[in-house]
Amino acid sequence: MTTFARSPFSIITIFACFCAFFLITPLSAQDKKKEINIPPPPSVQADVSKVEFDAIVRIEVEVENRNYRVPWNIGGLGSGVGTGFLIGKNRFLTNAHVVSNRRLIYIKKMDRPEPYKARVLFAAHDCDLALLELEDPTPFENVKPLKFGGTPKLNTTVIAVGYPIGGERISVTRGVVSRIDFRPYTHSGVDFHLTIQVDAAINPGNSGGPVLQDNKVVGVAFQGYSGSTAQNTAYMIPVPVINRFLKDVDDGVYDYYVDMATQTINLLNPAQRLALGLKNDGKGVMVTIADKAGSAGGVLKTGDVLLSIDGYDIASDGFVTIDGERINLNEIVERKFVGDTVTLKILRDHKEQEIKVELQRFIPYLIQANHYDKKPNFVLFAGLQFQPLDRELMSSFGIGNLKARYVYSYFSREELYIERPEPVILTAVLPDSVNTHLQPYTKQIVDEVNGKKIHTLQDVHDALNGDAHEEGQENYHVIRLLGEGRPLVMERAKAQAAHKRIMNKYNVGYDHFIEKPLILESKALAKAREKAEKK
Amino acid sequence: MHKYSLTYLLTSLLLVTHFSPILHAKDDKAAKKTPKIAVEIVPSPSSSLVRINATLQRYNFIRPWEKGAPTPRRGLGAFITGKRVLTTAELVENSTYIELELTGTGEKTPAKIVGLDYEANLALLEPIDAKSKILDKLVPLKLDDTVVAGDNLEIWQVEDNGNSVTTDVKVLRVAVGNYFIPGSQLLTYQVKGSLQYHANSFTLPVVKDGNLAGLLLSYSSKEQTSNLLPSSIIKHFLDDLKDGDYKGFPNLGLGYAQTLDEQLRKFTQISDKKGGVFVRRVIDDSSAGKGGVKEGDIIMSINGHNIDSRGNYIDEKYGKINFSHLVRGSSNVGDKVKMHIIRDGKAIDLEFALLRKKPSDYLVDPYMFDRGPRFMILGGLIFQELTLPYLKFWGDKWPTRGPLNLVHAQANPEPYEKEGRKKIVFLSQVVKTPATIGYEGFGSIIITQVNGQKINAIGDLAEAFKKPNAQGLHKIEFEDHPKVIYLDARMALAINQQLSKYGISQLQNLK
């Protein structure tokens, strides 16, 4: 099965075996080299004296973690160390995960004691890259930036340079390129891009550091593999992904990756091929689901056969051949930007057609992504705590309610975002006499408040703080949960009086923080919702 | 603490030595009377209990053509009038062979089930050989109908050597509680007293003044408490069996919430009244659904009994117990029930018949015994009908570990029922064969259509597969990814033959 989109299901299972980040989870870096019948790798990088070590910096970050359970609190403070490197005038590249949720960032030169204050220009959480600058660029005025190379060949030597655990000073480790593949990026938890696997010892703190070959950067060290099933596996972000990021931010805005948001199956089965009217030529994959809010929504249909993309024939396992290399067809889309198009040759009802798809970012899948640099959104009303459903919420509250799990897992697949772009959960009740009987009803999806259907967290706030009421029930606030017949009822006057009391008692500084959900900016979603409303 | 009845032991030994085995059940008092009468009057563990040896073999829901390893199970049954033996359904579930064994002599005879109710956890057995005389030596137990909280009862057991063991327990409370089938609740006695098992499994008769008061359902060694299945439920079961048309216990088909919340009481306009429960959910085709009960109604009284805001009423005999006893444990299928409700502030009186929704009437069977899962294999694709036991194959944590789409369908059957489905048919897994190349890894996906026909039950599947298209292909459509796949009809049949040879004993079970 090829997934054109970032299939949410396979991702979660795959991720279970990954370590979270280099910064946090140490890798098991046992050095058991297996014997293989391949001649020893050519030593491409024998002389490290030519490496511009001054350009490779230690990044010290003070972080502020968010507290989803008590969203009005600041959350815990912590710190971390990563690596970065100078790539141009006052431009440092590192991983997004190194600078996520930062309060302060300092950059240190290899041979100088003083920290230099830095700030983030762009943080691309979908490809785990970030660009930093110093507030005062003078200390690096005479340092030569590192240069980028290409994609290294398999079984060639690379060196990783950085500031990993085990000491304060710079470290150099060596390994060979083991594999080049499409893999999940654990930082966001939902994205797949090209990665290069190396067997160098890369450890927490190496994150964001350059991997070099022939004095040129061939990747950014970023994640590893933990557990006992694999050893000597570390991954770096390869140059095509880095270049795409740098090109994207060139105009001053990061627009994120685009996505077809289309699922396909391989066409290896002779019966399937016969039914679709295909020759036995090993070409084509079949569209199963083209997400309505995705680039191909309304363009591709179930049963369409994708024959070629931008002129490259698609093999029946979802690969295309470019310059003699077989690559996943996703990569064609991967390298494009918002607003670009792909040209597809398809077979629909046994007739060939050519269609163009304008590429957009796909937002609904972000419900299952890790979020960073964001304050938790919430509404607190008379002790009832409402929060939007997302990955952080599911794990912080350990939500087991079946409806909530279903909406979370099938949000994009079943297009549930059309009805509920930002599902809201009643996460907790701060006990008080006004709400004491409502305790058992937490961790469920809020369907209606005071007769208003809840599409977003803002709706909850508006419905509770206005005149909205159910017919004939002016004196009550009525909250209805999805799949629960018993309404949650509070007398308005009592709730009003309790609200301030509860905020004081529980030391709540402010009673709501609401941002417009990103998903409402999706044009495709707006169209799909309009259509659904007409029905 | 359990205790041996010492006097009883001694006398029974003496008696066995001096008299015929028929009389071995008598105690001092009885011995002085004529043997004939003594047998009638004084039952005891060794004279009125029968050991039951069952062999059970469960079905495998992942490989539906297989049955698991045969497992032996032992328990005790109570000999009752009509020369039958009463025990729990749990003891004989999925049984392949049952035999009755006399506790004293060890004589055995094969037995059959003549009455069975898994919801009430009761089974009635009798020898297959109608001429078998081995039970003739036993003293039948009569049913007690006097137990209330505070009473002392005896749990009866028999040791391997045939000796009687009785354990005194005290009834703490009578309440509606859990039975063998999750979700099936009926009356229970909760009793206190330490218990030791003597060479038997869990099923043990419980006696008050020589009459059968119930059967042991469960025992907690930590709390030293047991739950008993009371005689009133046994009586209901036995009475129901009399006419040869067993109907079982009715179910109401609604879920309720307590109304202790003053604000909810005001909102539902019952603050000037006492008690009542809030109807949270009504199953459409249930007694309550057909009887006109609606979500949001407040049930104030049933058959003249006031329901308090926790859902209890005052039973004449047992005191405060849950109202479900009124409409289930103490009612028969077909009985009329009167309900006084408040809807939107207005009082309404409903009267409707109590029905029973059988497990097979549900979209997803809540339990299933004595038959294998319904399935069909074609060319390496394995199709099944969804049942709760299938989901439970994922272990105790099946609600989170089982396939989410199937778990969700089980909990939310309404949309499927509205489509006209009787059952959910799904592709459970794919065995790699030449016909299923490219389909590896598909599984747990609900089927919508095959060859253009809607699939509402597994029987539809078999019918639909008789009609491949002009190209000789079957078209199979799913609710979710991969949406549609095709199967070569001729190749699939050929592969089915190979699978038979390979050792898959059965390629389908549609019954």
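Throughout, protein chains are lettered first and strands after them, A, B, ... in sequence-line order, and every chain is numbered starting at 1. Side chains included, hydrogens not; waters and symmetry mates left out as well; all remaining heavy atoms used.
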Please report the closest heavy-atom contact between Thr264(A) and His481(B), naming both atoms and the distance. O-CE1, 3.5 Å
Applying a heavy-atom distance below 4.5 Å, give me the residues of residues 397-406 of chain A that approach chain B, sorted by number. Leu402(A), Lys403(A), Arg405(A), Tyr406(A)
At a 4.5 Å cut-off on heavy atoms, which part of Thr436(B) comes close to chain A: side chain, backbone, both, or neither? backbone
Which bit of Gln473(A) is near chain B, if near means a heavy-atom gap under 4.5 Å: side chain, backbone, both or neither? side chain
Has Gln272(A) got a side-chain atom pairing as donor or acceptor with Ile437(B)'s backbone, closer than 3.5 angstrom? no
The interface call for Leu438(A) against chain B, heavy-atom contacts under 4.5 Å, is side chain
Okay, Pro440(A) and chain B: the region with an atom under 4.5 Å from a heavy atom over there is neither
When the 4.5 angstrom heavy-atom criterion is applied to Ala489(B) and chain A, the contacting part is neither
Exercise: identify the closest heavy-atom pair between Leu268(A) and Gly438(B): CB-CA, 4.2 Å
Minimal heavy-atom distance between Tyr476(A) and Phe267(B), with the atoms involved, is OH-N, 3.5 Å
Which heavy atom of Pro482(B) sits nearest a heavy atom of Thr288(A), and at what distance? O-CG2, 3.4 Å
Do Ile265(A) and Lys483(B) pass the side-chain contact (heavy atoms from CB on, under 4.5 Å) test, and can you show the C-alpha distance, the side-chain angles, and the key distance before you say yes or no? CA-CA 10 Å; Ile265(A) 52 167; Lys483(B) 287 288 189 181; over 6 Å; no
Taking every non-hydrogen pair under 4.5 Å, which of Asn469(B), Asn412(B), Leu487(B), Asp488(B) racks up the most with chain A? Asn412(B)
Between Ala257(B) and Arg486(A), which heavy-atom pair has the shortest distance, and what is it? CB-CG, 3.9 Å
Under the 3.5 angstrom rule, does the side chain of Gln263(B) hit a backbone N or O of Val434(A) as a donor-acceptor pair? yes
What part of Tyr256(B) gets closer than 4.5 Å to chain A, counting heavy atoms only: side chain, backbone, both or neither? neither
Return the minimal non-hydrogen interatomic distance between Tyr486(B) and Asn269(A), and the atom names on each side. O-OD1, 3.9 Å
Against chain A, work out which of Gly255(B), Pro399(B), Gly441(B), Pro434(B) has the most heavy-atom pairs shorter than 4.5 Å and name it. Pro399(B)
Toward chain A, the part of Lys266(B) with a non-hydrogen atom under 4.5 Å: both
Could you check which of Arg281(B), Glu440(B), Gln471(B) has the highest count of heavy-atom pairs closer than 4.5 Å to chain A? Gln471(B)
Which bit of Val282(B) comes within less than 4.5 Å of chain A, counting heavy atoms only: side chain, backbone, both or neither? neither
Applying side-chain contact (heavy atoms from CB on, under 4.5 Å), run through Arg413(A) and Asp480(B) and close with a yes or a no. CA-CA 8 Å; Arg413(A) 273 230 278 212; Asp480(B) 206 338; 3.8 Å; yes
Taking atom CZ as the centre, does Arg490(B) end up with more than 12 heavy-atom neighbours from other residues, nucleotides or ligands that are less than 6.0 angstrom away? no
